[in-house]
Amino acid sequence: MGNVFGRKSRPSRVTEQDKAILQLKQQRDKLKQYQKRITLQLEKERHLAKQLLKDGRKEKALLLLKKKRYQDQLLDKTENQISNLERMVQDIEFMQIEMKVIEGLKVGNDCLKSMHEIMSIEDVERILDETQESIEYQRQIDELLAGALTQEDEDAVLAELEAITQGDDVALPEVPTEPIPEVPEAAKAEPERREAKNKPDREMLAA
């Protein structure tokens, strides 16, 4: 029981603007009901005035039409009041939307400020400088690797690349198609004679 009575009530989500809109709409609905009732009454009085004219009661019909004229004016005023109420409701609802937009902008602005506090301009400049240094370092490495090859090597690499691109193998030296000339018999016997001449000298050295 103590928990029940001691429980705190949750704050209402209904704002003062919501209450004002509700009251304006209620007043508008009442005016519309009044407008509808007057319209039906005017239609009845119009038929009644026609009937009075048929019966020859012109004075009574004239008096009834004067009353109808006055009610027509009231009906016009009621229409203006309904229009004013509806316009006011629309203005308040649009103002609520604008307030929500402003609140959203405020939250976004606070978020940007907190992000700016986390990363300052100096941090951004430092990161950009480090990135530029890394790019420059990589460029120097590329230049060193490119300078390690001679012009002949460069031409060979380009030629091989061209051959691979065209789907062909690198060209090899052509094999000669002319027949190899035969060695004369005298040239073939010359090594044998030199071998026979040198053989006794080797035997003497061996003895």
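One-based numbering along the sequence shown. Reckoned from all heavy atoms, side chains included, excluding hydrogens, waters and symmetry mates.
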Quiz item: Does CZ in R139 sit with more than 12 non-hydrogen atoms of other residues, nucleotides or ligands closer than 6.0 Å?
Solution: yes
Q.
When you measure from the side chain of D110 to the backbone of V107, do you find a donor-acceptor pair of N or O atoms at a distance under 3.5 Å?
A. no
Between the CD atom in Q33 and the OG1 atom in T78, the distance rounded to the nearest 0.5 Å is 12.5 Å
Other residues, nucleotides and ligands only: do more than 12 of their heavy atoms fall within 6.0 Å of CD on E136? yes
Original post:
Are I92 and L31 joined in one hydrophobic group, where the rule is that I, L, V, M, F, W and Y side chains link up if heavy atoms are under 4.5 Å apart?
Top reply: yes
Looking only at heavy atoms, the pair that brings A49 and A61 closest together is O-CB, 3.7 Å
Rounded to the nearest 0.5 angstrom, the CG-NZ distance for L75 and K68 is 9.5 Å
With sequence neighbours left out, the residues meeting side chain to side chain donor-acceptor pair (under 3.5 Å) with R87 are N84
Interatomic distance, CD1@I21 vs CG@L85, rounded to 0.5 Å, equals 12.5 Å
Here the gap from Q71 atom CD to L42 atom CG, rounded to the nearest 0.5 Å, amounts to 5.0 Å
Below 4.5 Å, heavy atoms only, C-beta onward: do I164 and E160 meet side chain to side chain? yes
*Are Y70 and L63 joined in one hydrophobic group, where the rule is that I, L, V, M, F, W and Y side chains link up if heavy atoms are under 4.5 Å apart?*
no
Looking only at heavy atoms, the pair that brings Q41 and K67 closest together is NE2-NZ, 4.2 Å
Q81 meets the side chain to side chain donor-acceptor pair (under 3.5 Å) criterion, sequence neighbours left out, with none
Check whether the side chains of N80 and S83 place a donor and an acceptor atom closer than 3.5 Å, and report yes or no.
no
When rounded to the nearest 0.5 Å, the distance separating OG1 of T131 from CD of E133 is 9.0 Å
Hey, is CZ on R126 packed in by over 12 heavy atoms from elsewhere, all under 6.0 Å? yes
**Study point:** Working for side-chain contact (heavy atoms from CB on, under 4.5 Å), residues N109 and K106
**Key:** CA-CA 5 Å; N109 190 30; K106 183 178 181 299; 5.6 Å; no
So salt bridge (charged side-chain N to carboxylate O under 4.0 Å, His left out) across residues 24-34, not counting sequence neighbours, yields K25-E93, K32-E86
*What's the verdict on side-chain contact (heavy atoms from CB on, under 4.5 Å) for K60 and D55, showing C-alpha distance, side-chain angles and the deciding distance?*
CA-CA 10 Å; K60 187 69 174 178; D55 296 341; over 6 Å; no
Open item on the list: Could you tell me if H47 and E43 have a donor-acceptor pair between their side chains, going purely by distance under 3.5 Å?
Closed with: yes
- Query: Between M88 and I82, is there a shared hydrophobic cluster once you connect ILVMFWY residues whose side-chain heavy atoms come closer than 4.5 Å?
  - Reply: yes
dist L22:CG -> Q17:CD (nearest 0.5 Å) comes out at 13.5 Å
Hphob cluster co-occupancy, L52 + L62, side-chain heavy atoms under 4.5 angstrom | no
Practice item. Check the surroundings of atom CD1 in I121: do more than 12 heavy atoms from other residues, nucleotides or ligands lie under 6.0 Å from it? Key: no
Check your understanding: Side-chain heavy atoms under 4.5 angstrom apart, residues restricted to Ile, Leu, Val, Met, Phe, Trp, Tyr: same cluster for I102 and M99?
Key -> no
